[in-house]
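Just below is one structure, and these are the notes that go with it.
Labels below follow one simple rule: chain letters A, B, ... track the order of the sequence lines, proteins then strands, and each chain is numbered from 1.
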Number of protein chains: 2
Amino acid sequence: MRRSSALKKSPAKASAAPHRARKPVASALSVRERILVVAERMFAEHGMEGVGLRAITAAARVNLASIAYHFGSKEGLLEALFAQRAAPIAQERLRLLARCFEESKTPTLERILDAFLRPALTLGVQPQFGGPAFVKLRARLGTEPEMMSRKILAKAFDQSSRQFIDAIAQGLPQQPGEEIEWRYHFMLGAMFYTMANSGRIQSLTDGRCDPGDVKLALHHMIPFLAAGFRSAPVP
Amino acid sequence: MRRSSALKKSPAKASAAPHRARKPVASALSVRERILVVAERMFAEHGMEGVGLRAITAAARVNLASIAYHFGSKEGLLEALFAQRAAPIAQERLRLLARCFEESKTPTLERILDAFLRPALTLGVQPQFGGPAFVKLRARLGTEPEMMSRKILAKAFDQSSRQFIDAIAQGLPQQPGEEIEWRYHFMLGAMFYTMANSGRIQSLTDGRCDPGDVKLALHHMIPFLAAGFRSAPVP
DNA sequence: GTCTATAGCTGGATAGAC
DNA sequence: GTCTATCCAGCTATAGAC
């Protein structure tokens, strides 16, 4: 209505040839991709319930109806996000785990924890699109007791999680399985809290401690967790 | 409109004597208390944005307008919840910390961590009102990057948090302050994730590991974290 | 103090033009 | 495929009867 009322004629030149020259500029993403990028960041920052389709479509500069068209619903959009991001993380984890065992029959606990934690903290970080969006989003969903989030997370990560629990247990034969599982749970907590980067520790330490610095976070987290895993099992 | 149109007269007998017999039954809570109890549980389960005033007032069997009357707004309700619960937790922490130092000039790290973690995991657990509602709520807010949550949490816990960081550091003089702070951050992660009780570890271990069992969780968590704190500082 | 009723928006979803 | 226009259920907050 704004600009289409004038110059209605001669659509031939502009729209009659949809072939050729698909991606005219490097930064021109499709509507679908723009929605995914923006939704990832906004879901991470404000939660699933904290942001509406109107805010997402406005920020992505697409029409409100685009989300229904491309993803069916808001929940479909979240599932598409996970379908795109979670599988690569689980795959990279298993690839790194396999490499641990290629290089040594008895890899150190530190190397196994690194294989587990590094993909979670580093994949999905896209500085050009507002930083570690998917990392935060995953942390957020990981802490929620909502059924929907749990099912999506379980589907994406259950298999690789169990392989890591087994790999950790194999290196700590003196620990009962249940002890390993509790400690794995505490590791998830430290990992998610680091990924969530809520800002609490920054304000508490006047900025000295910054979980957003992924390299540094891993550098501190892995020895801390490894020592916890190795400590004597509780009686 | 339903029943008040009839029998309008003689209000003397029923309402002229508001004194005496305040709490007729042990389980009869005031409107304000019913709202607090229900909101605590529903905020914990679905998040601040995930539940509306209609759902809260319906579950509490009070009128929709009651929340505005008693708390001013939805956010005022959240603040009232924290005003009621957070201060006792911080107080109990400091009381237990003081007792550590009364009993020994150099209390063990385990005792200090217990003084920090136990009040967070146990206070606010009210089995008669749907379980550890405030505990879950706090975990949820603790992981969110929203400003409002952060300010409320900081106001309630900053002071006691710093005292604990100092107490931990005092017992580990070989650790740089920054290392202590990172490890405190990881401890918060394990604590919040246990408090959130998202259900992830239960499904991953077929129910063997249950963070809802507070005694057991502390029993496993404290040695794990203590070993992490004591491990050699990273170079 | 407690209620009804409603104002004033915004939520997700969709029908149908183009 | 993309848009406009709209539905209606839900939201928070408030005015005013009783």
Requested in this report: Round to the nearest Å and state the distance from Ile35(A) atom CD1 to dG1(D) atom P.
Outcome: 14 Å
Report summary line: Result for side chain to side chain contact (heavy atoms under 4.5 Å, CB included) between Phe186(B) and one of Tyr193(A), Phe186(A), Phe224(A) points to Phe224(A)
Report summary line: In terms of heavy-atom contacts, Pro211(A) and His185(B) come closest through CG-CE1, 3.6 Å
Please produce a list of atom pairs where a protein N or O lies less than 3.5 Å from an N or O of nucleotides 12-14 of chain D.
| from | atom 1 | to | atom 2 | distance (Å) |
| --- | --- | --- | --- | --- |
| dT12(D) | OP1 | Lys74(B) | NZ | 2.7 |
| dT12(D) | OP2 | Leu53(B) | N | 2.5 |
| dT12(D) | O4 | Arg54(B) | NH2 | 3.4 |
| dA13(D) | OP2 | Lys74(B) | N | 3.2 |

**Report entry** Closest heavy-atom pair and its distance - Leu81(B), Phe134(B)
**Finding:** O-CE1, 4.2 Å
Query raised in the report: Rounded to whole angstrom units, what separation is found between the CZ atom of Arg61(A) and the P atom of dT2(D)?
Result: 16 Å
Query raised in the report: Nearest-Å distance, CD (Glu33(A)) to P (dG1(D))?
Result: 14 Å
Query - Length of the line joining Asn63(A):CG and dA17(C):P, which is rounded to integer Å - result: 17 Å
Report summary line: With sequence neighbours left out, the residues meeting salt bridge (charged side-chain N to carboxylate O under 4.0 Å, His left out) with Asp158(A) are Arg162(A), Arg200(B)
Query raised in the report: Does His70(B) place a side-chain N or O at less than 4.0 Å from the phosphate oxygens OP1/OP2 of dG1(C)?
Result: no
Query raised in the report: Between Leu77(A) (CG) and dA13(C) (C1'), how many Å, whole number?
Result: 14 Å
Query raised in the report: Between dG10(D) atom C1' and His46(B) atom NE2, what is the distance in whole Å?
Result: 16 Å
Report summary line: Paired with Leu218(B), the side chain to side chain contact (heavy atoms under 4.5 Å, CB included) test is passed by just one of Leu113(B), Asp213(B), Thr194(B), Leu117(B), namely Leu117(B)
Requested in this report: Decide, yes or no, whether a salt bridge links Glu146(B) with Arg140(A) under the criterion of side-chain N to carboxylate O below 4.0 Å.
Outcome: yes
